Student: 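Quick one: structure below, then a few questions.
Basis for what follows: all heavy atoms, side chains included, without hydrogens, waters or symmetry-related copies. Order of the sequence lines fixes the chain letters, A, B, ..., with proteins taken first and strands second; residue numbering starts at 1 for each chain. Predicted model only: the values in this text are computed from it and were never measured.
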Protein chains: 2
Amino acid sequence: MANPENHNKEYTNDKFQRSALQVREAQARLTAYAAPLSLEEVPLNQSYGRFLARSVHAPHPFPAFDRSSMDGFAVIAADTVSAGDNSVVWLKVVDVIPCGAVASREITTGTVARIMTGAQVPGGADTVVMLEATESRMEDGVTYVGIRKPQAAGLHITPRGLELGTGELVLPEGTIIGAGDIAALAALGAANVPVRRRPKVGIFATGTELLEVDEPLVPGKIRNSNSPMLEALVREAGGEPIMLGAIVDDLELARSKVQMALESYDLVITTGGVSVGDYDIMGDLIREQSGEMLFNKVTMRPGSVTTAAVRGGTILLALSGNPGACFVGFQLFARPVIGLMQGAAQPFLPEWTAVLGVDYKRVNSFTRYVRARLEIREGVLYAFPAAVDESSVTVTIKDSDCLIVIPPDSGQMTSGDKVTVLKLPGEIRG
Amino acid sequence: MANPENHNKEYTNDKFQRSALQVREAQARLTAYAAPLSLEEVPLNQSYGRFLARSVHAPHPFPAFDRSSMDGFAVIAADTVSAGDNSVVWLKVVDVIPCGAVASREITTGTVARIMTGAQVPGGADTVVMLEATESRMEDGVTYVGIRKPQAAGLHITPRGLELGTGELVLPEGTIIGAGDIAALAALGAANVPVRRRPKVGIFATGTELLEVDEPLVPGKIRNSNSPMLEALVREAGGEPIMLGAIVDDLELARSKVQMALESYDLVITTGGVSVGDYDIMGDLIREQSGEMLFNKVTMRPGSVTTAAVRGGTILLALSGNPGACFVGFQLFARPVIGLMQGAAQPFLPEWTAVLGVDYKRVNSFTRYVRARLEIREGVLYAFPAAVDESSVTVTIKDSDCLIVIPPDSGQMTSGDKVTVLKLPGEIRG
């Protein structure tokens with residue numbers, strides 16, 4: 001008998017005196033402590049995936065000038081009203097405007113400028129005639145262009161300010177910066193971009209059952225998949241993971257390790273040690289220490305034991321050690337915190353309505369977050385619950401791109417029912 | 001007149017003698033040259049976002065042992081058949097099995113083991129009774145556990161192999177590795193992961209109209225937004241961008257720069273210089289040089305001038321200089337090449353059916369790829385075309401998360417019509 005002196009203690013009821021919170025209330029308690037971190041400027045080409053810390057307004061109209069969208073001739077439309085197959089209008093070419101250049105003179109009646117795609121339309125001209133729609137002749141070293149059809153004003157010109165007027169909002173604060181945003185920022189001259197510092201997230205695992213990934217399997221033990229998964233999830237959320245190894249079952253040592261992490265990092269995440277069993281060191285640690293307890297039970301499956309506390313302003317988030325529950329707990333609780341610290345405008349998982357693709361029989365007294373796969377068929381979004389949905393799932397976490405939210409006591413659900421899904425980060429695989 | 005000696009030459013028709021290809025045919029010509037690059041091993045925690053170079057099969061069942069999913073007692077179910085409120089069955093606790101440990105003995109009739117969540121179920125036992133469903137008493141230093149209800153076999157046990165049997169396919173070759181995949185790889189002991197080398201992608205811009213992002217705006221010029229955008233897009237696709245600056249309008253210099261890039265990198269992308277105008281240096285360059293021309297016109301809008309050639313086995317992809325067209329050209333042509341070089345199983349943009357959210361009036365003789373915004377409403381996927389959809393758009397590229405494919409001569413389309421959309425990388429914003 002490995003540890004007989006612990007044997008009686010545990011027969012008591014849940015020693016935490018837990019009072020369960022709804023997920024939204026638990027999220028609200030956490031996010032109250034997730035203030036945006038300090039602002040820093042990064043070069044534009046390092047801004048991808050960061051969150052914009054200040055709204056960007058257009059410093060000038062875009063395009064900044066009337067721009068030819070064709071290779072052709074900048075013309076006064078009124079000069080072409082009499083044009084026809086039997087009455088070619090001949091206009092004198094007085095200028096050539098390559099892209100990036102400016103006209104050397106105004107266009108006046110009877111004259112035109114040769115103009116390239118992207119070049120600034122010269123003053124006086126009000127339309128561009130495509131090269132292909134013209135003919136030409138030379139006379140005494142002067143080129144004339146012939147036009148056989150009347151031209152409407154404004155053709156083949158992208159007008160100044162078409163995309164943006166001066167002062168117009170381009171990107172609101174809290175936008176996650178993608179390739180298209182980088183194009184916009186570049187066009188408007190933003191060589192540096194204000195973003196929030198990435199949160200440093202300390203990650204501990206607990207549990208004597210854990211092997212390192214490179215260790216051979218031995219009976220009764222499992223490899224630690226939560227730490228590598230959390231490292232990837234923190235990075236995916238924009239945080240900077242700091243891997244702090246495992247907390248062994250020594251309360252004294254655990255206390256000092258966690259305390260040091262709370263003083264050094266912006267957020268500390270642990271997995272495991274939060275159940276009601278004997279060796280649930282995180283539970284003991286959070287219970288005994290000073291500081292505010294935010295919650296230690298949430299009305300959700302998996303991950304009802306998810307626990308959070310605050311020490312000296314820093315959040316300690318103790319996720320379940322069950323990999324499936326750890327994953328869901330991260331997405332619901334850690335991801336929004338990491339997002340808000342970066343000033344994210346939308347820190348929570350997007351919430352969609354989908355159509356249930358198959359019957360779902362499992363019922364629960366708590367809200368269940370069912371890992372599922374999305375598929376789009378003929379314009380309809382379907383969600384298919386994972387075949388295996390134990391909280392202990394590990395290798396099949398990868399097969400989900402959303403969580404179906406099954407409310408408590410919702411009864412058995414039928415294929416075709418509308419369900420709420422929370423979209424997980426990444427592409428829809430179906 | 002800036003450049004009179006060029007003036008006559010350009011009056012001729014399209015000097016490239018272009019013969020237009022369908023998008024799929026153009027893609028096929030390109031991807032024929034996009035062979036997977038060499039294999040390398042990276043540590044698991046650096047594998048996020050990489051493409052798996054070899055399929056992974058389970059080296060052992062997962063879970064590797066029958067695992068208790070509850071804190072409680074490992075029992076022989078048959079021992080409890082007579083249990084009832086008035087006939088408590090008392091069983092002798094002969095072992096304590098913490099998570100990570102193995103049983104010290106077999107369970108035989110009349111005996112049980114205290115077992116923790118995650119621990120290996122001892123031999124002999126065939127069910128786990130939850131701690132909360134038991135009572136206990138001590139007698140002569142021996143603990144007995146009392147059970148008041150008959151227990152079914154197999155309860156609260158996650159059976160060996162529930163998620164995976166030995167040899168089962170876990171991740172197919174070409175999978176892009178996400179956080180869930182990392183959990184699976186960790187659980188199965190993959191400390192290092194075989195991936196393909198990231199392609200090095202040389203990027204040139206062309207055009208004398210271009211200012212650097214940090215330069216003040218001057219009349220007729222625009223800031224170079226394509227290079228920073230392409231840098232981000234290449235990185236997003238998993239490539240390693242190498243920024244090679246601008247090619248000026250000097251054919252000799254351009255030739256040697258491009259040649260050097262083709263010898264040094266896995267792919268060379270240029271923007272601009274592919275139209276029919278005067279200063280279209282990439283067109284000239286590709287036309288004059290030896291090597292295979294893959295295509296120089298594609299039946300698409302925007303970006304019909306997209307051009308590709310192969311030199312010494314390396315692809316030179318010349319995208320339009322119009323930012324909107326450059327973006328679309330990248331997604332249709334460069335992204336699949338960069339993906340295939342990494343061994344991606346699905347290198348093309350995902351193709352979905354969506355419902356058109358508003359009428360779409362523009363008709364064309366070429367297939368049009370309309371930038372659009374997706375929105376999910378009550379389980380239906382809607383696509384809303386961008387308000388401004390010139391090929392020259394720049395700052396509004398960011399507002400799209402898909403491209404609607406409008407076939408040629410499809411006539412005017414009406415709100416509610418089914419359309420094909422190509423999903424762009426990243427989250428759906430709507």
Student: Only counting residues at least two apart or in another chain, list the ones meeting side chain to side chain donor-acceptor pair (under 3.5 Å) with E209(A).
Tutor: none

Student: Heavy-atom pairs under 4.5 Å with chain B are the metric here; pick the option from E215(A), M243(A), E236(A) that has the most.
Tutor: E236(A)

Student: Please round to the nearest 0.5 Å and tell me the distance separating atom CG of L217(B) and atom CZ of F62(A).
Tutor: 8.5 Å

Student: Look at V419(A), L188(A), N224(A) and state which one has the largest set of heavy-atom pairs under 4.5 Å with chain B.
Tutor: L188(A)

Student: Do you know which two heavy atoms are closest between E163(A) and T394(B), and how far apart they sit?
Tutor: OE2-N, 2.9 Å

Student: If you take all heavy atoms of E378(A) and K418(B), which pair is closest and at what distance?
Tutor: O-CE, 3.3 Å

Student: Considering all heavy atoms of both residues, which atom of V102(A) and which atom of G220(B) are nearest to each other, and what is their separation?
Tutor: CG1-N, 4.1 Å

Student: Relative to chain A, which of V388(B), D181(B), V355(B) shows the most heavy atom pairs under 4.5 Å?
Tutor: D181(B)

Student: Specify the closest pair of heavy atoms between G426(B) and E427(A), including all atoms of both residues, with the distance to one decimal.
Tutor: N-OE2, 2.7 Å

Student: When rounded to the nearest 0.5 angstrom, what distance separates CG in L164(A) from OG1 in T396(B)?
Tutor: 8.0 Å

Student: Looking at L44(A) and P228(B), what are the two nearest heavy atoms and their distance?
Tutor: CD2-CB, 4.1 Å

Student: Given heavy-atom pairs under 4.5 angstrom as the criterion, report whether the side chain, backbone, both or neither of L424(A) touches chain B.
Tutor: backbone

Student: Check each atom of A64(B) against the heavy atoms of chain A and say whether the ones under 4.5 Å are side chain, backbone, both or neither.
Tutor: side chain

Student: Which one of T117(B), V121(B), V170(B) has the most heavy-atom pairs closer than 4.5 Å to chain A?
Tutor: V170(B)

Student: How long is the gap from CD1 on I182(B) to NZ on K398(A), to the nearest 0.5 Å?
Tutor: 13.5 Å

Student: Check Y48(A) against A232(B) and note the closest heavy-atom contact, atom names and distance.
Tutor: CD1-CB, 4.0 Å

Student: If the condition is salt bridge (charged side-chain N to carboxylate O under 4.0 Å, His left out), which residues does E390(B) pass it with, not counting sequence neighbours?
Tutor: none

